[in-house]
**Q** 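Before I ask anything, let me first share the structure, which is written out below as structure tokens.
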Amino acid sequence: MSDPTPLLRIRNLSVDFTTSSGLFRAVDGIDLDVASGELLAIVGESGSGKSVSMLAVMGLLPWTAKITADEITFDGTDLRNLSGPARRRLIGRDMAMIFQEPMSSLNPCFTIGFQLKEALRQHLGLNARDRHARAIELLEMVGMPDPERRLKAFPFQLSGGMNQRVMIAMAIACRPRLLIADEPTTALDVTIQAQILDLLTGLQNDTGMTLILITHDMGVVAETAERVCVQYAGQKVEDQPVIDLFDHPYHPYTAALLAALPERATERRLPTIPGTVPGAFDRPTGCLFSPRCRFADDTCRGTQPPVQPPALGRARCHYPIGATTPQKVTQ
Amino acid sequence: MTDALLKPIVTADNLSRDYDVGGGMFSKPQTLSAVAGASFSVLPGKTLAIVGESGCGKSTLARLVTMIETPTGGTLSIGGRAVTPSDWSSLRSVVQIVFQNPYGSLNLRHRVGYIIEEPLIINRPDMPKAERVARVREIMQLVGMRPEHYDRYPHMFSGGQRQRIAIARALVLEPKLLVLDEPVSALDLSIQSQILNLLIDLQERLDLAYLFISHDLSVVRHVADDVIVMYLGRAVESGSKEEVFSNPRHPYTKALLSATPKADPRGTSTRIRLQGELPSPLNIPPGCPFAERCWKVQDKCRAERPALDGDHHKAACFFPEGAAEASAPVASAPVA
């Protein structure tokens with residue numbers, strides 16, 4: 001919010017899914033500003049709404065989703081009421097997304113080259129010769145050996161890491177200003193993960209694009225991100241630069257999550273977070289983390305917590321850790 | 001040390017498993033060597049971790065030890081006796097397995113009580129029903145489940161709770177060795193620590209041996225006593241956890257450790273940049289399997305296959321880390 005005109009600006013975004021047993025709130029009042037050229041990580045456990053919130057921005061959610069927001073703007077364009085054709089001109093060109101499973105994101109019936117050139121034809125209107133040249137150039141950019149021959153390959157002929165490179169090449173084909181990577185390395189081995197993360201951060205450095213990295217892996221966050229948003233049960237609970245977040249988490253959930261990392265363990269028994277993420281039927285009225293929080297009191301259980309100022313990590317908490325306000329320590 | 005007095009529960013000697021693949025109308029069948037010459041032993045109350053990337057044969061090894069697959073070479077001994085397929089049914093209650101995905105490994109049509117009871121029905125046919133139920137309830141309490149969960153179905157539980165059910169089912173026959181095939185990979189971080197603590201508790205209380213299979217080095221570092229690093233079906237390094245993690249000898253182990261993201265944003269990035277990917281297991285190079293990706297490869301590496309060498313801390317490398325400075329013109333690791 002220091003940046004006067006963020007590239008992506010979201011205010012009060014909520015997503016509800018109609019299920020047979022009523023509405024399920026997957027994303028709950030998310031506010032987010034992403035500055036141009038920033039590398040933001042959104043971290044959270046499964047069901048925290050980190051993918052759904054970004055899919056809502058991209059307009060890729062199914063019709064069962066009810067999206068409400070006070071504002072979703074990308075570079076000044078209101079994304080809420082965009083017509084289909086206008087959205088298709090924007091998505092894949094200025095905003096692109098890559099997904100977790102490269103094997104299931106690519107169409108198994110078409111060659112890599114066909115799928116790569118499709119984006120170029122749709123958005124840039126290049127002729128066949130230019131498309132071919134650009135496709136080879138893109139595969140070179142993502143470190144694909146022997147790109148000319150690989151254009152004729154089908155996805156099943158390539159490994160997971162190579163397919164993810166193709167997905168990245170497709171996403172950056174039209175030089176997007178915003179790239180959303182949804183768990184891009186979760187399905188890959190660590191040595192390949194390291195290659196892909198290097199590639200993404202390298203591309204971000206070279207092209208100056210904005211990168212939003214959705215992940216559940218605190219190690220990936222620590223090594224790549226500049227700023228981190230922590231989500232829990234559909235809400236953003238903390239938002240801080242990466243070093244500050246690891247040094248001083250303000251929300252008890254962030255602190256508990258970091259403490260649960262095996263590599264930070266000091267004893268044989270790991271610190272745990274009791275209980276599980278609330279579901280549709282046991283959603284607390286107050287703070288969503290209150291049933292699992294060791295600092296929770298009646299205020300936490302009864303009233304929704306405020307969002308603290310940036311100096312306190314924008315924590316959505318009544319009693320941020322280490323704040324000067326009188327703090328409950330009796331457990 | 002009491003370790004020397006303890007008898008290993010399971011000993012594998014040069015255990016191998018080949019698969020015949022392909023062989024269509026015009027192509028010759030090929031042999032895929034999923035596990036080649038694995039040797040290890042697991043002591044009661046200890047954890048042996050097998051680490052490696054996908055396709056390195058760690059799950060096949062789990063299936064060999066659990067007697068789901070027949071080995072094509074080498075011997076597996078349980079309790080000091082070599083195992084043949086005719087002994088399998090009697091020995092299976094000694095070795096039990098917990099699979100990676102508790103969403104796929106539990107039968108959704110059965111109640112939790114029955115899921116945990118089923119191994120007893122099959123393996124202890126003489127046990128009276130009342131005794132079985134009492135045993136199931138005892139095990140459920142042991143893994144931290146509440147009595148009212150007995151009549152529920154698996155879909156009513158979260159991933160962590162389901163993994164508790166899977167652990168309870170594995171423990172109901174009172175095994176001595178539990179094979180844990182990526183037991184926490186499908187779980188969220190906050191749940192992962194609950195299950196790891198449960199496993200540590202159970203090991204202390206029941207003196208269980210664990211064969212812990214994982215690709216997550218930070219988890220392995222937390223739970224293991226000994227570690228085997230596998231690459232393309234072969235052990236490339238083995239030793240105690242401290243030795244392998246603080247002083248890796250095989251270049252692959254070193255690269256694997258450096259590629260694992262560390263949850264420290266100030267950490268200096270000294271990631272070793274590995275070239276290329278895992279070669280096809282059908283076409284393993286004649287020399288060192290890691291030669292194509294190794295930064296200190298020499299002609300010898302491509303020609304000969306190095307043996308797993310060393311006293312306790314073993315590595316299959318001609319030019320192991322930390323010992324090579326004097327012997328060969330060794331390149332330094334390409335650091336990203």
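Chain A is the first sequence line, chain B the second, and so forth, proteins listed ahead of strands; every chain is numbered from 1.
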**Q** Please determine whether the number of non-hydrogen atoms from other residues, nucleotides or ligands lying under 6.0 Å from atom CD of Gln141(B) exceeds 12.
**A** no

**Q** If you check every heavy atom in residues 37-48 of chain A against those of chain B, which residues fall under 4.5 Å?
**A** Glu45(A), Ser46(A)

**Q** Against chain A, label Leu189(B) side chain, backbone, both or neither, depending on which of its atoms sit under 4.5 Å from a heavy atom there.
**A** both

**Q** Tell me, side chain or backbone of Ser54(B) under 4.5 Å from chain A's heavy atoms, or both, or neither?
**A** both

**Q** Going through the distances and angles, do Asp264(B) and Glu223(A) end up as a side chain to side chain contact (heavy atoms under 4.5 Å, CB included)?
**A** CA-CA 7 Å; Asp264(B) 176 13; Glu223(A) 293 209 344; over 6 Å; no

**Q** Please state whether the side chain, the backbone, both or neither of Gln192(B) comes within less than 4.5 Å of a heavy atom of chain A.
**A** side chain

**Q** So which of Leu256(B), Ile272(B), Thr260(B) actually passes side-chain contact (heavy atoms from CB on, under 4.5 Å) with Thr191(A)?
**A** Leu256(B)

**Q** May I ask you to list the residues in residues 256-274 of chain A that approach chain B closer than 4.5 angstrom, counting heavy atoms only, ordered by number?
**A** Leu257(A), Ala260(A), Leu261(A), Pro262(A), Glu263(A), Arg264(A), Ala265(A), Glu267(A), Arg268(A), Arg269(A), Leu270(A), Pro271(A), Thr272(A), Ile273(A), Pro274(A)

**Q** How would you list, in number order, the residues of residues 145-156 of chain A that have a heavy atom less than 4.5 Å from chain B?
**A** none

**Q** If the contact rule is any heavy atom under 4.5 Å from chain A, which residues of residues 215-234 of chain B qualify, in numerical order?
**A** Ser218(B), Val219(B), His222(B), Val223(B)

**Q** Restricting to non-hydrogen atoms, name the atom on Ala259(B) and the atom on Val190(A) that form the minimum distance, rounded to 0.1 Å.
**A** CB-O, 3.8 Å

**Q** Quick one: what part of Val220(A) sits under 4.5 Å from any heavy atom of chain B, side chain, backbone, both or neither?
**A** both

**Q** Just wondering, do Ile243(A) and Arg266(B) contact through their side chains at under 4.5 Å, heavy atoms?
**A** yes

**Q** Specify the closest pair of heavy atoms between Arg293(B) and Ile192(A), including all atoms of both residues, with the distance to one decimal.
**A** NH2-CD1, 4.2 Å

**Q** Taking the side chain as every heavy atom from C-beta outward, state whether Gln193(A) and Pro261(B) have any atom pair closer than 4.5 Å.
**A** yes

